[in-house]
Amino acid sequence: MSVLVFVEGLNGEVKKSSLEAASYGSQVAQQLGTTTTAIAIGDVQEAALAKLGEQGVSKVLYDGDSRLNQFIADAYVKVIAKAVQQENAKVLVFSNSNIGAAVGAKLAVRLNGSLATNVTALPTIDGGSFVVTRGVFSGKAFADVALTSDLKIVAIKKNSIDITSGGGSATVENFSADLADADFAVSPKETVMQDTNGGVLLPEAAIVVSGGRGLKGPENWHLVEDLAKELGAATACSKPVSDMDWRPHHEHVGQTGITVSPNLYIAIGISGAIQHLAGVNSSKVIVVINKDPEAPFFKAADYGIVGDAFEIVPKIIEAAKALDK
Amino acid sequence: MKILVCISNVPDTTSKINFTADNKEFDKNGVQFVINPWDEYALTRAIELKEAKGGTVTVLNVGEADAEPNIRKALAIGADDAIRVNANPKDAFFVAQQITAVAKENNYDMILMGKESIDYNGSQVHNMVGEMLGIPSIVPAFKLDLVDDNTAVLEREIEGGKEVVEVKLPFIASAQQPMSEPRIPNMRGIMTARTKPLAVREPVGADVKADYVNFSKPEKKSGVKMIDPENAGDLIKLLRNEAKVL
């Protein structure tokens, strides 16, 4: 028996969200008195995988098939299913990414497992019962869910588990699921990565700086971008801003956009319509900057500044520059 | 072209979320229900494809009778007929099994739904159905076009980018903005929806694998701390020393 963690790589490194998943998996393994194995694929260096020992992983299975650098659901499922069987895994941990949620759902069917996505806390394990907490109602509530199958599959909401450290080094073993061409039948014709200007990808970001209509036009976005750069943050926007094509759709957070849960969300010139709040309300700390003191967003904020963004944001950028990083 | 669109009946975005006294169930009291906003993108795109290429759009809901006003709304927007599987949807696996059972009896060319429901936020059902039926699932897609009668091209979001995927029919896809511009039903649509077929069937025996045992609400924020705009730079100090997020 073991706990198996699926690890995603990006540009040779392990993704931050996968470090969170590994930290989660190791803590579950401790509760169960077993060990943690990781299954890794794609573009990631062996040295980065060995460092997963810090998070308590003892062994990493690595399938370096370069065809796996792209997300091909059927191929991923086959690789992970083989690892589950080889390791006799009873708990399978993903990050709640587009990949983790998708592959987790397919594996739940194929391996007859119980699946919980959007998981926000470590499980309560009591005898045979395994109960996890997951976010529901778009951040307005939590649900405790008992996973009743022999195999429990969880996908961990980003930024909800602290990355642990202090473990040792993990051994890295080559692993292959003998994939055939048929496993890659549904493969992308074209992949286009967003240009983040060397910045941070929105779904992974610990800090998000977001702008709304109060910024008056796309030509003023340097305020958002400069502050984000100083803080090592990703940039985002409200729905009206993406609807007006001031910013691309993939930056739109809210009910019908991306849901984010960073440690810090800074909203500039966003009034805080309930649809916007649904996408950001599980952020740990929310800062609202708005010239309207009646803006509903202040009710959901931890820190607020009433005033003109064009005067206030430069002051914050100056203070951030002076910060000892 | 036969398209199946799966819709969820969910509390309106603006609803206050409450649970029954023992926190075991969602309290529907006083809550306005709507078609899941993500599903509306799927529904509208299906209707657009039907208008361009011909065919039928069937809507499917796994839910109890109180979902019927929103099923009728989907018919008013332009779906041709509807199926309601008469069950309280217990978990994603249960719902996926109901959809799969309906799909197996009808050869749909594509099955569409939203990328997730705004109530349980599971984002599981589409991939489960794809796996159960052994057809590709393209999620979450924001663009869907037909190349010819047998082939579709989709664009889907991946972590940090997008992919263009060409796929043979049949397939399943989940929709998100900006796949289409959701429509408001017109008076003619509302009138004709009344007489469109809405079949009710009983659920297939299905396992529940995720048992919802308790609900809770997040702790209330302690209140907002206002900062003098003249000293806006103090925010950075507070974020580092007090909130400890920098």
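The basis for the numbers below is simple: all heavy atoms, side chains too, and nothing from hydrogens, waters or symmetry mates. So you know, we letter chains A, B, ... as the sequences are listed, proteins then strands, and number each from 1. Since we're looking at a predicted model, the values are computed, not measured.
- With 3.5 Å as the limit, one finds no donor-acceptor pair spanning the side chains of A:N159 and A:S261.
- Note: B:Y212 OH to B:K90 NZ = 13.5 Å, rounded to the nearest 0.5 Å.
- With chain A as partner, the option from B:V167, B:N231, B:I227, B:N23 having the largest number of non-hydrogen pairs under 4.5 angstrom is B:I227.
- The ring pair (Phe, Tyr, Trp, His ring centres under 6.0 Å) check on A:F71 picks up A:Y76, with sequence neighbours excluded.
- Judged purely by atom type and a 3.5 angstrom limit, B:D91 uses its side chain to pair as donor or acceptor with the backbone of B:K209.
- Side-chain polar atoms of A:T117 and A:R134 form a donor-acceptor pair below 3.5 angstrom.
- The parts of A:E190 that come within reach of chain B are both its backbone and its side chain, each placing non-hydrogen atoms under 4.5 angstrom from that chain.
- Salt bridge A:E204/A:K16: absent, no basic N to carboxylate O contact under 4.0 Å.
- Side chain to side chain, B:N127 and B:S137 meet the donor-acceptor criterion of an N or O pair below 3.5 Å.
- Under the side-chain contact (heavy atoms from CB on, under 4.5 Å) criterion, A:H250 pairs with A:Q194, A:P248, not counting sequence neighbours.
- With a 4.5 angstrom heavy-atom cutoff, B:E230 touches chain A via backbone and side-chain atoms both.
- Of all the listed residues (B:E131, B:Q97, B:E242), the one sharing the greatest number of non-hydrogen pairs under 4.5 Å with chain A is B:E131.
- Put simply, of B:E116, B:E155, B:R156, the one with the most heavy-atom pairs under 4.5 Å next to chain A is B:R156.
- Chain A forms more heavy-atom pairs under 4.5 Å with one residue of B:S222, B:P140, B:S123 than with any other, namely B:P140.
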- Message: For A:V288 and B:V224: C-alpha separation, side-chain torsions, deciding distance, then whether side-chain contact (heavy atoms from CB on, under 4.5 Å) applies.
- Response: CA-CA 9 Å; A:V288 172; B:V224 56; over 6 Å; no
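- The only option from B:K115, B:K162, B:Q176 that meets the side-chain hydrogen bond (donor to acceptor under 3.5 Å, both in side chains) definition with B:E157 turns out to be B:Q176.
- The minimum heavy-atom distance linking A:A278 with A:T259 is given by the pair O-CG2, 4.3 Å.
- Looking at B:P218, both its backbone and its side chain come within 4.5 Å of chain A, counting heavy atoms on both sides.
- Between A:F142 and A:F137, the distance separating the two ring centers is not shorter than 6.0 angstrom.
- When heavy atoms are compared at a cutoff of 4.5 Å, B:V129 does not approach chain A at all.
- Put simply, of A:R110, A:Q70, A:E318, the one with the most heavy-atom pairs under 4.5 Å next to chain B is A:R110.
- The two atoms that bring A:G42 and A:N69 nearest to each other are CA-OD1, 3.1 Å, heavy atoms only.
- Among B:D234, B:D211, B:L239, the residue making the largest number of heavy-atom pairs under 4.5 Å with chain A is B:D211.
- Only the side chain of A:V131 comes within less than 4.5 Å of a heavy atom in chain B; its backbone stays farther off.
- Residue contact with chain A, scored on non-hydrogen atoms closer than 4.5 Å, involves the backbone and the side chain of B:Y120 alike.
- The parts of B:E166 that come within reach of chain A are both its backbone and its side chain, each placing non-hydrogen atoms under 4.5 angstrom from that chain.
- For A:S129 and A:D126, the side-chain atoms include no donor-acceptor pair closer than 3.5 Å.
- One finds no salt bridge joining A:D302 and A:K284 here, because no Lys/Arg side-chain nitrogen approaches an Asp/Glu carboxylate oxygen to under 4.0 Å.
- Considering only heavy-atom pairs separated by less than 4.5 Å from chain B, the leading option among A:A102, A:A101, A:A206 is A:A102.
- Of the listed residues (B:V153, B:N214, B:V165), the greatest number of heavy-atom pairs within a distance under 4.5 Å of chain A belongs to B:N214.
- Using modelled atom types, no side-chain atom of A:S283 and backbone atom of A:I286 make a donor-acceptor pair closer than 3.5 Å.
- Contact of A:N263 with chain B is made through backbone and side chain together, with heavy-atom distances under 4.5 Å.
- Residues of residues 5-20 of chain B lying under 4.5 angstrom from chain A, judged on non-hydrogen atoms, are B:P11, B:T13, B:T14, B:S15, B:I17, B:F19 by number.
- With a 4.5 angstrom heavy-atom cutoff, A:V103 does not touch chain B via any of its atoms.
- For chain A, no part of B:F142 is nearby; none of its heavy atoms comes within less than 4.5 Å.
- Chosen from A:N98, A:T148, A:I274, the residue pairing most often with chain B at heavy-atom distances under 4.5 Å is A:N98.
- For the residue pair B:N88/B:E64, the side-chain donor-acceptor check at 3.5 Å is not satisfied.
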- Message: Pair A:Q255, A:H276 - check side-chain hydrogen bond (donor to acceptor under 3.5 Å, both in side chains), show working.
- Response: CA-CA 6 Å; A:Q255 182 79 79; A:H276 186 76; over 6 Å; no
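- Interface remark: B:L246 contributes side-chain atoms only to the contact with chain A (heavy atom separation under 4.5 Å).
- Among A:I99, A:N112, A:L107, the residue making the largest number of heavy-atom pairs under 4.5 Å with chain B is A:N112.
- For the ring pair (Phe, Tyr, Trp, His ring centres under 6.0 Å) test, no residue two or more places apart in sequence or in another chain qualifies with B:F33.
- Only the backbone of A:A300 has a heavy atom closer than 4.5 Å to any heavy atom of chain B.
- Residue A:A116 touches chain B through its backbone alone, counting heavy-atom pairs closer than 4.5 Å.
- Nearest heavy atom pair, residue B:K225 against residue B:L238, reads NZ-CD2, 4.3 Å.
- Heavy atoms of A:I305 lying under 4.5 Å from chain B belong to its backbone as well as its side chain.
- At a 4.5 Å heavy-atom cutoff, B:L154 makes no contact with chain A through either its backbone or its side chain.
- Between A:K157 and A:S282, the side chains place a donor N or O and an acceptor N or O closer than 3.5 Å (distance only, hydrogens not considered).
- Considering only heavy-atom pairs separated by less than 4.5 Å from chain B, the leading option among A:K239, A:K299, A:E8 is A:K239.
- Using a 4.5 Å cut-off between heavy atoms, A:D308 makes no contact with chain B at all.
- By number of non-hydrogen pairs under 4.5 angstrom with chain B, the leading residue of A:V132, A:V77, A:V192 is A:V192.
- If you measure heavy-atom distances from B:F171 to chain A, you find no contacts under 4.5 Å at all.
- Interface remark: A:K152 contributes no atoms to any contact with chain B (heavy atom separation under 4.5 Å).
- Of the atoms belonging to B:I158, heavy atoms from both backbone and side chain fall under 4.5 Å from chain A.
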